[in-house]
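The structure appears right after this line, and notes come after that.
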Amino acid sequence: MNVSTITLLDHNSIIRKNKNKNVFLLALGLLLFLGINTVAAQEEVVDEAIEENDYEPFSIGAHLKNMHTWHGFVVHQGAVIATNIEYNSKNEKFTFGFWGGASFAGADIVTNTGEIVSALYKEFSIYTKYRFSDKFFIEAVSHNNYTGVEERGDKLHYWSYDKTQGYNFVDLNFGYNITPNTLLYFATIINGGSGDYQIEVDGDLEESWTHYFEVSSKVWENKNSSLSLFAGGAWSFITDKTFYTEGSGNIINVGATFSKAIAVKNYKLPVDVTVMWNPEQEKTVLQLDITLF
């Protein structure tokens, strides 16, 4: 390979990185624009009965989980603490926040030299959402799971969305409640990669732009408990392989979640137990999720 070829490849790599970054900034900026420019106009029509002191723009949360699953994936199979901090507009339409996860124990990974070492699960993600109504919302999430990056021997580039780097990508999501208890959820990977591509015969990387669609519905409820069912699948219109599957599109996330508020003295402790089955991976797990606050 001569110098001019290397220079061309570097140039093309820079163009791809800039393009990926621009797509991400455009998606994030669009939602920020929607939120910031509508908050001022719509806060004037918020119910005047709400006292000014009742409005809290910032909130935090924490969850304790025996494992972390997402869209049919077992992201980490050990105990995890998940936290978030977010801003919500007074009219409750606009949200911007940060979500982070960290594990108590490591998982085995293979280094660049072929060794097997342990790495703690580490994720720091950014999300923003705009609710057009009680039924419809749009959301962008930058998933930044950098578990094992440095342990493998790679250099950590937190803000890089190069598709071969392996840990940063952006989802653009839409949700619509067809009934108060039934949600249709559609997500598309629009930036980064983290494996959302197919290697062609000539060595080129063809982006999959993987889509994920899920239907979830609460089917039973009483005073302190409820049961919800869900089913989700993934596919690509461009490649056979998707972000979630090794072959063509498939059903990847089927299960049920039982939610119960457990009384601990004078406090109600929300607890979710989810049974999840991934037919594509032939994997079934039981996840416990305790909302601490």
Side-chain angles (χ1 to χ4, degrees), residues 16-35 68-75 93-99 123-133 135-145 159-178 182-200 204-217 230-254 276 278-281:
R16 287 197 303 270
K17 288 181 180 180
N18 289 336
K19 180 181 178 182
N20 286 338
K21 185 180 293 185
N22 289 337
V23 173
F24 166 60
L25 293 175
L26 178 62
L28 188 59
L30 175 62
L31 286 178
L32 287 172
F33 176 82
L34 284 172
H68 179 43
T69 62
W70 176 80
H71 288 187
F73 274 176
V74 178
V75 180
K93 288 184 175 293
F94 176 71
T95 296
F96 180 82
F98 303 94
W99 184 96
E123 182 169 347
F124 183 92
S125 296
I126 309 167
Y127 60 92
T128 184
K129 176 187 286 188
Y130 188 80
R131 302 166 187 85
F132 291 90
S133 68
K135 293 184 176 182
F136 178 62
F137 69 82
I138 182 173
E139 177 184 47
V141 184
S142 174
H143 301 273
N144 303 291
N145 182 347
W159 293 108
S160 173
Y161 289 84
D162 186 273
K163 59 174 167 284
T164 61
Q165 189 172 2
Y167 59 94
N168 286 353
F169 67 98
V170 177
D171 261 332
L172 184 62
N173 313 324
F174 302 87
Y176 185 78
N177 284 96
I178 56 174
T182 302
L183 173 68
L184 304 181
Y185 172 83
F186 179 79
T188 298
I189 296 176
I190 62 169
N191 184 40
S194 191
D196 191 36
Y197 58 83
Q198 180 172 281
I199 302 176
E200 302 297 317
D204 288 344
L205 305 182
E206 183 70 36
E207 294 196 45
S208 298
W209 303 90
T210 296
H211 307 297
Y212 174 81
F213 179 71
E214 180 180 298
V215 180
S216 60
S217 183
F230 59 86
W235 75 96
S236 169
F237 291 115
I238 301 172
T239 63
D240 291 328
K241 176 188 176 297
T242 75
F243 178 81
Y244 305 96
T245 65
E246 290 301 323
S248 57
N250 205 342
I251 301 297
I252 58 169
N253 191 21
V254 180
M276 183 205 79
N278 185 327
E280 211 265 347
Q281 296 182 2

As an exercise, state the distance from CH2 of Trp70 to CE of Met276, rounded to the nearest 0.5 Å.
12.5 Å

Side-chain heavy atoms of Tyr185 within contact of Phe230, under 4.5 Å:
no

Can you say whether the rings of Phe186 and His211 are parallel (under 30°), tilted (30 to 60°) or perpendicular (over 60°)?
parallel

Between Asp196 and Thr210, is any side-chain donor less than 3.5 angstrom from a side-chain acceptor?
yes

Quick one: do Ser236 and Ser208 satisfy side-chain hydrogen bond (donor to acceptor under 3.5 Å, both in side chains)? Show the steps, please.
CA-CA 6 Å; Ser236 169; Ser208 298; 4.5 Å; no

Answer with yes or no after comparing the ring centroid distance for Phe98 and Phe96 against a 6.0 Å cut-off, counting only values under it.
yes

Going from OG1 on Thr239 to CD on Glu206, what distance comes out if it is rounded to the nearest 0.5 angstrom?
7.5 Å

Check for a donor-acceptor pair, side chain of Thr188 on one end and backbone N or O of Ile190 on the other, with a separation under 3.5 Å.
no

To the nearest 0.5 Å, atom CZ of Phe174 lies from atom CZ of Phe137 at 10.0 Å

Criterion side chain to side chain contact (heavy atoms under 4.5 Å, CB included) on Leu172 and Ile138, from CA distance to verdict:
CA-CA 8 Å; Leu172 184 62; Ile138 182 173; 4.2 Å; yes

If you count every heavy atom of other residues, nucleotides or ligands that lies below 6.0 Å from Ile199 atom CD1, does the total exceed 12?
no

For Trp99 versus His68, what's the shortest heavy-atom pair and its separation?
CH2-NE2, 3.8 Å

Working to the nearest 0.5 angstrom, can you tell me the gap between Tyr197 OH and Glu207 CD?
10.5 Å

Working to the nearest 0.5 Å, report the span between CG of Asn253 and OG1 of Thr69.
7.5 Å

Any donor-acceptor pair under 3.5 Å linking the side-chain atoms of Ser142 with those of Tyr161?
yes

Do the side-chain N and O atoms of Asn168 and His143 include a donor-acceptor pair separated by under 3.5 angstrom?
no

Spatial distance of atom CD1 (Ile251) from atom CZ (Phe213) [nearest 0.5 Å]:
10.0 Å

Can you confirm whether more than 12 heavy atoms, excluding those of Glu200, are under 6.0 Å from its CD atom?
yes

Is the distance between the ring centroids of Tyr212 and Tyr244 under 6.0 Å?
yes

Could you walk me through whether Gln281 and Phe73 pass the side chain to side chain contact (heavy atoms under 4.5 Å, CB included) check?
CA-CA 9 Å; Gln281 296 182 2; Phe73 274 176; 3.5 Å; yes

Would a 4.5 Å heavy-atom cut-off, applied to side chains only, mark Thr242 and Ile252 as touching?
no

My understanding is that only one of Asn173, Thr128, Thr95 makes a side chain to side chain donor-acceptor pair (under 3.5 Å) with Glu139; could you say which?
Asn173

With a 4.5 Å heavy-atom cut-off, do Thr182 and Asn177 have their side chains touching?
no

Minimum heavy-atom distance between Asn145 and Tyr167, given as atom pair plus value:
O-CB, 2.6 Å

Under 3.5 Å, is there a donor-acceptor pair between the side chain of Lys241 and the main chain of Gly249?
no

Check whether the ring centres of Phe132 and Tyr130 lie less than 6.0 Å apart, and answer yes or no.
yes

